[in-house]
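One structure is given below, encoded as structure tokens.
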Amino acid sequence: MDYNALAELLFPQIQTTPAEIEAKYPPRNLPEGAKVTRMAPSPTGFMHLGNLFSAIVDERLAHQSNGVLCLRIEDTDLKRSVEGGVQTIIRVFHEYELGFDEGATADGESGAYGPYYQRQRAEIYQTFAKWLVQQGKAYPCFCSEEELNAIREKQTALKENIGYYGKYAVYRDASFEQIKEKIDAGERFVLRFRSEGNPEKRMKVNDLVKGTVEFPENEQDLVLLKSDGIPTYHFAHVVDDHLMQTTHVVRGEEWLATLPFHVQLFQAMGWKLPKYVHTSQLMKMDGGSKRKLSKRKDPELALDFYKQTGYCVPAVKEYIMTLLNSNFEDWRLANPTADLNEFKFTTQKMSASGSLFDIDKLNDVSKNVISRMSVDQVYSHLTSWAEQFDPEFHKLLTRDPAYTRSILAIGRGGKKPRKDLATWSDAKPYMDFFFDELFQPDYSYPENVTEADKQTILTRYLDLYDPADDNAQWFDRIKALADEIGYASNMKDYKKNPEAFRGNVGDVSMVIRVAVTGRQNSPDMYEVMGILGKEKVAERLKKALA
RNA sequence: GGCCUGUUCGUCAAGUGGUUAAGACACCGCCCUUUCACGGCGGGUUCACGGGUUCGAAUCCCGUACAGGUCACCA
């Protein structure tokens, strides 16, 4: 077989040579040890936790080593392309502060190692494909979908391995004349790799997460170029990551199974293998068993969910970091205020087993993140979230910024800050009673307080509250009121001898609390009243009395 | 079904032949406390199972079970 003639027959339009292309991708000028990674999503516009998961690995690996992070768009499958998908991807990564150094941008692309859209690289792939044909390492296959299905059915019936290999690789040894006839007749073909692999033999690859993994050699003649001349993922991966000089390929472990083929391809091309980082899958508990997070069943898979619910970006990143590197939590405990990027991320600390996504843990991380924020930060995050997702609330929050800030300042700062908010959507139920528009009191008073006592407490307190009091004076007044009506002002006395009192100062406080806030739980009443002001407090007391 | 990967408290996990098998989340109890939140203290048959190797195994080896992944002209 004259492979050169075959190559010309198959790719008459390709006149560039591999060397010409290689020349356009000179070595990168990077410091010693710098890593080049890439995020390579399909432009579906759907961004999920898994994307973020591996993006963070890519980003850390690259930027921690003064390397390069690129964004390459894998648009080889038209079915997976959505209008505006690329913009969504870029926007979301931007929100998560994952900056790309080169690759696709909102309005095109930048960087010297492009094009970064795979569809625009068709000629590049075809050039290397043609070269493979010349080397006798690839050949055209004219099988229809029906024929392929028939092969598969036969193999299933015979319990043989499924696929295009050995005697099932019907076009592997087609003659030049047979091929020419098909081409002349205008038949479309896919280009298949001519595998020399022997499944009896085993091969080893090192993965930075999984360690050394061992496989039988690949014997399948897999598709390199689809009938439209666009490469499959496999071929695009090998060509692109070689040319772009990716040093670390980070991807989900669902790719582990095709790794033998990728290794084989790199060898066939005579190229150096990148390092592989196969990340384990995010799982979720469903009933009694673990399963992969699913787009259809689990809203929390979509990154949009976090935005809508009002999780803040650093919290989500922190949480993912705890899953990614098991020593991150210890580091965070030791460095509570340090920037996330100061943490030294390593692939060695990545878990080989799949982690269960735990929203409780996320909430906890998130509460910590928010509790460490300043009032200004909280105000700014909360209002911008509300502006988009709860405009009515936003109006209230921004009507009097100083007022809102003083609410947000309760219990903030200091060694033991309050942790009331895990998400911005928690804010409204937490602080709604501060706004008359949202005030829907539930006047459930302590059961041991009689209606008459309640009336007395509220009526008396109407005269007692003085905003000028300090915290101790403020509480002394309540204690005095308790004494006055036969309630214990001292808890210890009360506990010693409960029968001697009608109740205790806690009950008195609770009556006031319920009247003022319309609920039994609230932050510190002294601060709450201070913020509401004398007039509003009086108004609330009267409303409760009525 | 073939191939691959994984399995340490409910969850995330530390662990590299000798540890009372860390820590965090969740849960329960107690303490602190005028409520809540915070904080403190305490709690739970945790090394999938069965064999080896070894003075000694969560750790090494071999099986088994279970879970997940993969077997497209999708990525």
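Values below: all heavy atoms of this structure, side chains included; hydrogens, waters and symmetry mates excluded. Fair warning: this is a prediction, and the values are worked out from it, not measured in the lab. Note on naming: letters A, B, ... go to the chains in the order of the sequence lines (proteins, then strands), and numbering restarts at 1 for each one.
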query: Hey, does the side chain of A:T76 come within less than 4.0 Å of B:A75's phosphate (OP1/OP2), counting only N and O?
result: yes
task: Please state whether the phosphate of B:A14, meaning OP1 or OP2, lies under 4.0 angstrom from any side-chain nitrogen or oxygen of A:S326.
output: yes
query: How many Å lie between CE on A:M529 and C1' on B:C36, as a whole number?
result: 15 Å
- prompt: Among A:L225, A:I230, A:L224, which residue meets the side chain to side chain contact (heavy atoms under 4.5 Å, CB included) test with A:Q126?
  reply: A:L225
- prompt: Please give, in whole Å, the distance from B:C74 P to A:I230 CD1?
  reply: 11 Å
- prompt: Picking from B:C25, B:C12, B:U35, which would you name as closest to the side chain of A:L323?
  reply: B:C12
query: Expressed as a whole number of Å, how far does the C1' atom of B:C25 sit from that of B:A14?
result: 15 Å
- prompt: Taking the side chain of A:L256 as its heavy atoms from C-beta onward, which of B:G2, B:U5, B:A13 lies nearest to it?
  reply: B:U5
Nearest-angstrom distance, C1' atom, B:A65 to B:A48: 8 Å
field: Donor-acceptor pair, side chain of A:S280 and main chain of A:S351, under 3.5 angstrom
entry: yes
message: When the P atoms of B:G42 and B:G23 are compared, how many Å lie between them, rounded to an integer?
response: 10 Å
statement: Ranking B:C74, B:U34, B:U70 by distance to the side chain of A:M491, first place goes to B:U34
task: Between B:A21 and B:A58, how far apart are the C1' atoms? Round to whole Å, please.
output: 8 Å
query: OP1 or OP2 of B:C38 sitting under 4.0 Å from any side-chain N/O of A:R372?
result: no
task: Among B:C12, B:A75, B:C73, find the nucleotide with the atom closest to the side chain of A:E254.
output: B:A75
message: Say we look at B:A57 and B:C49: how far apart would their C1' atoms be, to the nearest angstrom?
response: 15 Å
Separation between the P atoms of B:U7 and B:G52, rounded to whole Å: 24 Å
query: For B:C73, does either OP1 or OP2 sit under 4.0 Å from a side-chain N or O belonging to A:K79?
result: no
- request: May I ask you to verify whether the side chain of A:R418 and the base of B:C36 hold a donor-acceptor pair under 3.5 Å?
  value: yes
message: Applying the Watson-Crick and G-U wobble criteria at under 3.5 Å, what pairs with B:U20? Answer none if nothing qualifies.
response: none
- prompt: A:I151 CD1 to B:C73 P: how many Å, rounded?
  reply: 10 Å
- request: Go through the N and O atoms of the side chain of A:R513 and the base of B:U34, and report whether any donor-acceptor pair is under 3.5 Å.
  value: yes
message: For the C1' atoms, the ones on B:C38 and on B:U33, what distance do you get once it is rounded to whole angstrom?
response: 11 Å
task: Please state how far atom CD in A:E214 lies from atom P in B:U70, giving the value in whole angstrom units.
output: 22 Å
- line: Rounded to whole Å, the CZ-C1' distance (A:R332 to B:A13) equals 18 Å
- request: With C1' as the reference atom in both, quote the distance from B:C71 to B:U16 in angstrom, rounded to an integer.
  value: 35 Å
Nearest to side-chain heavy atoms of A:K349, which nucleotide of B:U7, B:A14, B:A75: B:A14
Residue A:K419, side-chain heavy atoms: nucleotide from B:A37, B:A24, B:C73 that is nearest: B:A37
- request: Establish, yes or no, whether a centroid distance under 6.0 Å links the rings of A:Y171 and A:F142.
  value: yes
field: Minimum-distance nucleotide (side-chain atoms of A:K361 versus B:A24, B:C4, B:C73)
entry: B:A24
- request: Would you check if there is a donor-acceptor pair between the side chains of A:D221 and A:Y139 at a distance under 3.5 Å?
  value: yes
- prompt: Centres of the A:Y233 and A:W255 rings: under 6.0 Å?
  reply: yes
field: Opposite nucleotide pairing with B:G1, Watson-Crick or G-U, both atom distances under 3.5 Å
entry: B:C71
query: Among the nucleotides B:C74, B:C25, B:U7, which one has an atom lying closest to any side-chain atom of A:D77?
result: B:C74
field: Any-strand Watson-Crick or G-U partner of B:A48, both distances under 3.5 Å
entry: B:U64
